[in-house]
Each structure stands twice: as C-alpha cells, then as structure tokens.
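All values below come from the heavy atoms of this structure, side chains included, with hydrogens, waters and symmetry mates left out. Throughout, a chain's letter reflects where its sequence line sits, starting with A, and its residues are numbered from 1. No experiment lies behind these values; they were computed from the predicted model shown.
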Amino acid sequence: MFASLLFLSLLSAPTEPQLDYGDVYFQETQSRQAPFLHLSLGYGAGLSNSFLHMDSVVGTAQMRVWKYLSTGILGQVIRSQYTDAGRALDSLSRVDILADVPTPLWGIFSLSYLQLMIGKWNVLNLFPLEVDLLLGGGAGTTRKQGSINSAARSYFSYLWSVEQRLRFLSSQNSSLGLTISVFGHRDGVFLQPALSYSFE
Amino acid sequence: MVFFYSPHSVTASNKTQSFLPTKPEVEEQLKNFYRAQDWPSFFSFAQFYRKHWSEKELGDVQLLELLALLRHCQNDVLQVFIDHLRSSQKKYHAELDQIEALSKTQFNGKSGSDNSLQPLNAHLRGKDLWKTDHDKVGKYPPSSIKIKVKNLCP
C-alpha cells in the first residue's frame with residue numbers, strides 16, 4: 001500500500017524539463033589589459049622653462065598591441081610667451097648681447113606605453129573607477145624658432161611620459177575619464193590634464 | 001585582496017575561496033544585465049541562478065529570464081518554461097498568462113537590442129571565447145560564461 005502510494009506520488013510530481021538553451025561560451029578573463037583604443041585631448045602647461053610661458057594643446061591616440069603594451073602618437077601645439085625673465089633676457093639684445101630663447105611651436109611623436117597597474121573599484125556603489133598607471137617613451141620631431149624673426153627649424157627629439165588614467169563613466173565597451181600626465185621632450189617638461197575616451 | 005567592479009571579473013579574488021557569487025549578487029547582476037540588455041551575460045547569470053539554487057529559493061527575479069526569452073521571440077523555449085512554472089509555482093499564474101499572451105503577439109519594442117555574442121568581435125576586443133557545453137553552467141562563475149541566444153524576432 002505504502003509502496004504504491006509512493007509510486008503514484010512520484011508519477012504526479014512535476015519533472016524537471018530540459019531548460020538548457022543557447023550556445024555556451026567560456027570567456028577567458030583578460031580584465032587586466034590596456035584598452036583597445038584610447039583617445040585623449042588636453043591642455044599641457046610648461047613646467048621647466050624659466051624664460052617662456054608655454055601653453056599647449058595635446059592630443060594622443062593609443063592602440064593596444066599586446067595586453068599591457070599600447071602604441072600610438074602624441075601631437076602638441078605650443079603657444080609660447082616670454083616670462084619676466086624671458087623679457088629681461090630678450091631686452092639684452094638691444095645692447096648687442098645675443099640672448100637666444102628658442103620658441104617651440106609644435107611637436108609630433110610616436111609614443112608607446114607600458115601599463116604597470118590596473119585597479120578597479122566600485123566607489124560607494126555609485127560609479128566604477130578604474131585607475132591605470134602608464135610609463136611611456138618615444139621619439140619624434142619638434143618645430144621651433146631659434147629666436148624672434150628667425151626661421152623655424154625642425155629637430156629630432158626624444159619623448160618620455162608618465163600618465164595616470166582615471167576612467168569612471170563606463171558603458172559595456174567604452175569609458176570616459178580623466179588623465180593626468182607629465183611628459184617631456186627637448187623643449188621642456190609639461191603637465192597635462194586631459195579628457196579621455198577609451199574603447200575596450 | 002583585489003576588488004573589481006566589472007561584472008566580467010570576480011568580485012573578490014582569493015585563491016582559497018570559491019569564486020561563485022552569492023544569491024543576492026546574482027539577483028542584482030540579473031537586474032543590471034537585463035537593464036543594460038547585455039544578453040550573453042544575462043542568460044549566463046539566469047541559467048546559473050536556476051541551476052545553482054533550488055526552485056524554492058528562487059525569487060521573483062527568475063521571471064526576468066522569461067521576459068528576456070520573450071524579447072528574443074524564443075517561443076518554444078518560453079512555452080516549456082511557462083508550463084513548468086505553472087505546475088511548480090502557483091503564485092505566478094497572472095504573470096505567466098501575460099507573458100504567454102505577449103509571446104503570441106507582435107508589438108513595437110518587443111525585440112531586445114541586438115547585443116548578441118559575436119566571438120570574432122569579442123576576440124578583437126581582447127576577450128577569448130571558448131565554446132563549451134551546458135554542464136559548465138552552474139559550476140563555473142557566471143561571469144566567465146556567456147550564452148548566445150538567437151533573436152528570432154522578425
């Protein structure tokens with residue numbers, strides 16, 4: 001009697017149907033890597049020249065070539081003005097003392113970055129924050145005038161850069177953020193805050 | 001200990017502990033992925049949710065899976081789900097009736113956005129996908145699994 005009741009209850013119990021569907025993929029996690037494409041545009045302030053105020057617009061484009069290595073270009077257009085010291089030096093030319101203060105105009109460089117660290121945090125459960133620290137180097141050309149009224153010439157120059165990226169507005173495949181970088185070439189050292197946009 | 005925000009990453013990395021997310025985490029991610037219409041991730045979490053916990057433990061959020069199937073016009077699979085839930089969980093009768101009716105009608109906005117999984121594109125974005133079988137669902141972290149479901153809506 002008990003056995004037949006158990007059998008009947010098993011028959012009447014709902015059976016688990018086949019609820020698998022779709023094609024299943026295993027995704028290899030590669031969250032620690034540079035973005036596929038990174039664009040930034042910012043303002044670069046000269047730090048190292050005592051005789052010139054150098055304001056510049058700096059744009060970069062970087063593309064990932066390997067997990068932590070990206071390469072691209074950096075372009076800079078520079079507006080230079082004499083500082084008080086520069087004006088004093090320039091005024092020496094009126095008494096026939098040659099004071100040559102080279103005035104950079106623009107530069108364009110290749111730039112490769114090595115990504116040293118990535119951290120991702122959920123800030124107060126409000127927005128994601130991703131922080132990257134990058135070391136870069138490259139080479140290119142700068143254009144500058146030797147002195148006022150002289151012809152502009154191009155020079156080969158090295159380039160180094162240390163950059164910190166803060167990415168905080170993320171969608172599935174892209175993110176908006178801020179970068180702060182310090183970079184230098186033959187014409188000076190610059191501090192550059194910039195807006196950046198990355199595609200994963 | 002490193003914390004990640006991305007749902008594609010584990011929540012907390014520790015070699016000695018399991019990477020499987022907790023039930024509230026999965027439920028939250030289900031809502032997030034549904035809202036973002038990230039279907040490969042959503043279906044992964046949805047199937048993990050169903051397989052990892054018993055039917056009695058599942059919350060109302062399980063209905064999102066039916067809605068997602070509805071938005072992919074996967075009517076055959078959807079009908080199996082509806083029939084099963086009708087027999088096992090009586091409390092969703094009204095919702096199931098509505099979903100079943102909607103599955104038989106066409107209306108603007110029914111189809112979800114086409115965020116289907118494209119292995120080649122994923123690879124170009126630096127994410128390698130390896131095709132596997134359904135046995136992995138429920139055993140591996142759902143963030144490591146993506147499920148591609150064809151959108152049959154016209």
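Contact of the A/V24 side chain with the B/K131 side chain is not registered, since no non-hydrogen atoms from C-beta on lie closer than 4.5 Å. Taking 4.5 Å as the limit, every side-chain heavy atom of B/T132 sits out of range of all side-chain heavy atoms of A/Y25. Residues B/V137 and A/D20 form no side-chain contact, since every pair of their non-hydrogen atoms from C-beta on lies 4.5 Å or further apart.
Residue B/K136 does not touch chain A at all, counting heavy-atom pairs closer than 4.5 Å. Interface remark: B/K51 contributes side-chain atoms only to the contact with chain A (heavy atom separation under 4.5 Å).
In terms of heavy atoms, B/I147 sits closest to A/Y21 at CG2-O, 3.7 Å. Nearest approach of B/H84 to A/L19, heavy atoms of both residues: CD2-CD1, 4.1 Å.
More than 12 heavy-atom neighbours from other residues, nucleotides or ligands sit within 6.0 angstrom of CG on A/L69. The environment of B/K56 atom NZ is sparse: at most 12 non-hydrogen atoms of other residues, nucleotides or ligands sit within 6.0 angstrom. Shown here is B/K23, whose NZ atom has more than 12 heavy atoms of other residues, nucleotides or ligands within 6.0 Å. Within a 6.0 Å radius of CG in B/D135, other residues, nucleotides and ligands contribute more than 12 heavy atoms. The number of heavy atoms from other shown groups lying within 6.0 Å of OH (B/Y140) does not exceed 12. Applying the 6.0 Å contact sphere to CD of B/Q98 captures no more than 12 heavy atoms from other residues, nucleotides or ligands.
Side-chain N or O atoms of B/H134 include one that pairs as donor or acceptor with a backbone N or O of A/G22 at under 3.5 Å.
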